[in-house]
Amino acid sequence: MKAIQLYYPPEWAHCYGCGYLNPMGLHIKTYWNKEKGESETRFTPSPHHTAIPGFVYGGLLASLVDCHSTATAAAAKAQAEGVSLEENPVRFVTASLKVDYLKPTPLGPELLLVGRAKEVKGKKVVVETELYAEGTLTVRGEAVLVQITEGFARP
């Protein structure tokens with residue numbers, strides 16, 4: 001199975017969190033489970049992602065939720081329309097992001113993000129994402145994503 005981000009056209013693949021063309025980026029990879037209608041990303045923070053000793057910086061956690069949500073939106077939209085991302089790549093950007101930090105997230109273990117689309121309507125998708133560390137839910141996010149269309153943000 002190919003990561004959702006790898007379907008992004010090159011002109012839309014520079015994001016710090018998920019862009020495969022950003023040499024300094026996080027390069028997160030999100031996978032879609034069509035049967036469950038949910039996505040999954042796994043990411044292991046590095047020591048430089050420290051907030052206070054032993055815990056992950058909240059900004060990184062928000063970035064993970066953000067980029068995971070944009071990929072989830074692309075997969076959910078493709079599934080809702082019955083199209084393949086390979087044949088019809090779509091890319092979303094964040095219009096709104098709400099992140100709730102439920103517990104401190106320990107630095108060290110691999111993090112698991114799970115996303116589900118709450119709403120797919122036109123060019124808008126609303127995604128809920130949960131972030132787990134060692135099986136414990138530590139962060140919950142909700143994002144409103146908007147589909148990029150031709151000519152988006154061209155100089």
Side-chain angles (χ1 to χ4, degrees), residues 1-10 12-51 54-81 83-86 88-120 124-148:
M1 179 189 320
K2 189 172 169 181
I4 297 163
Q5 291 86 353
L6 298 179
Y7 291 108
Y8 296 165
W12 298 337
H14 297 275
C15 175
Y16 175 74
C18 61
Y20 57 84
L21 293 177
N22 188 328
M24 301 301 290
L26 301 173
H27 301 140
I28 75 164
K29 291 180 176 61
T30 304
Y31 299 90
W32 182 249
N33 183 321
K34 186 186 267 189
E35 290 74 38
K36 288 184 175 181
E38 66 183 30
S39 58
E40 183 176 298
T41 295
R42 293 180 182 272
F43 183 83
T44 303
S46 297
H48 65 270
H49 295 126
T50 297
F55 297 97
V56 179
Y57 162 62
L60 172 69
L61 299 172
S63 291
L64 293 173
V65 169
D66 182 17
C67 287
H68 177 81
S69 297
T70 62
T72 302
K77 172 79 169 174
Q79 184 168 328
E81 293 185 349
V83 298
S84 151
L85 284 175
E86 191 161 21
N88 186 25
V90 292
R91 178 77 161 91
F92 282 77
V93 291
T94 306
S96 174
L97 178 65
K98 179 179 184 286
V99 179
D100 293 320
Y101 300 95
L102 308 173
K103 295 182 179 194
T105 301
L107 183 65
E110 178 181 70
L111 305 178
L112 169 65
L113 292 94
V114 178
R116 294 169 203 87
K118 280 179 52 177
E119 176 185 337
V120 179
K124 178 180 101 172
V125 177
V126 179
V127 171
E128 290 180 321
T129 295
E130 297 174 333
L131 186 149
Y132 297 87
E134 299 180 310
T136 299
L137 177 63
T138 63
V139 176
R140 182 178 290 126
E142 182 173 290
V144 176
L145 300 307
V146 179
Q147 186 176 348
I148 293 176

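- Pairs engaging residues 13-27 under the side-chain hydrogen bond (donor to acceptor under 3.5 Å, both in side chains) rule: none recorded [sequence neighbours left out].
- A heavy-atom distance below 4.5 Å is not found between the side chains of Tyr8 and Cys15.
- Pro10 and Leu21 make their closest contact through O-CD1, 3.4 Å (heavy atoms, listed as atom of the first residue, atom of the second, distance).
- Here OG1 of Thr44 is found 11.0 Å from CG of Leu112. Values are rounded to the nearest 0.5 Å.
- The side chain to side chain contact (heavy atoms under 4.5 Å, CB included) test applied to Ala143 returns Ser69, Leu97, Leu145, not counting sequence neighbours.
- Between His68 and Gly115 the shortest heavy-atom distance is NE2-N, 3.1 Å.
- Just one of Leu107, Thr105, Leu26, Thr50 meets the side-chain contact (heavy atoms from CB on, under 4.5 Å) condition when paired with Pro45; it is Leu107.
- Closest approach of Ala133 and Thr138 over heavy atoms only: CB-CG2, 4.3 Å.
- At a threshold of 4.5 Å between non-hydrogen side-chain atoms, the residues Leu60 and Phe43 count as touching.
- Of all heavy-atom pairs spanning Pro106 and Pro109, the tightest one is O-CD, 3.6 Å.
- Under a 4.0 Å N-O distance rule, the pair Glu38/Arg116 qualifies as a salt bridge.
- Residues forming a salt bridge (charged side-chain N to carboxylate O under 4.0 Å, His left out) with Lys103 (at least two apart in sequence, or on another chain): none.
- The distance from atom CD of Glu128 to atom OG1 of Thr72, rounded to the nearest 0.5 Å, is 11.5 Å.
- Interatomic distance, OG1 of Thr41 versus CD1 of Ile28, reported as 4.5 Å (0.5 Å rounding).
- Under a 3.5 Å cut-off, the side chain of Gln5 and the backbone N or O of Thr30 do form a donor-acceptor pair.
- At least one side-chain heavy atom of Leu85 sits under 4.5 Å from a side-chain heavy atom of Val90.
- Taking CG of Leu137 as the start and CG of Leu102 as the end, the distance is 5.0 Å to the nearest 0.5 Å.
- Atom CZ in Arg91 sits 4.5 Å away from atom SG in Cys18 (nearest 0.5 Å).
- Closest of all the heavy-atom pairs between Val146 and Ala95 is CG2-CB, 3.8 Å.
- Considering OH of Tyr132 and CG of Leu111, their distance stands at 13.0 Å, rounded to 0.5 Å.
- At least one side-chain heavy atom of Leu131 sits under 4.5 Å from a side-chain heavy atom of Leu61.
- In terms of the salt bridge (charged side-chain N to carboxylate O under 4.0 Å, His left out) criterion, Glu134 has no residue partners (sequence neighbours excluded).
- Among residues two or more places apart in sequence or in another chain, the salt bridge (charged side-chain N to carboxylate O under 4.0 Å, His left out) test is passed with Lys2 by none.
- When atom types are taken as modelled, the side chain of Ser46 and the backbone of His48 share no donor-acceptor pair closer than 3.5 angstrom.
- Applying the salt bridge (charged side-chain N to carboxylate O under 4.0 Å, His left out) criterion to Arg140, with sequence neighbours excluded, gives no partner residue.
- In this structure, Val120 and Ala76 approach most closely via the heavy-atom pair CG2-CB, 4.2 Å.
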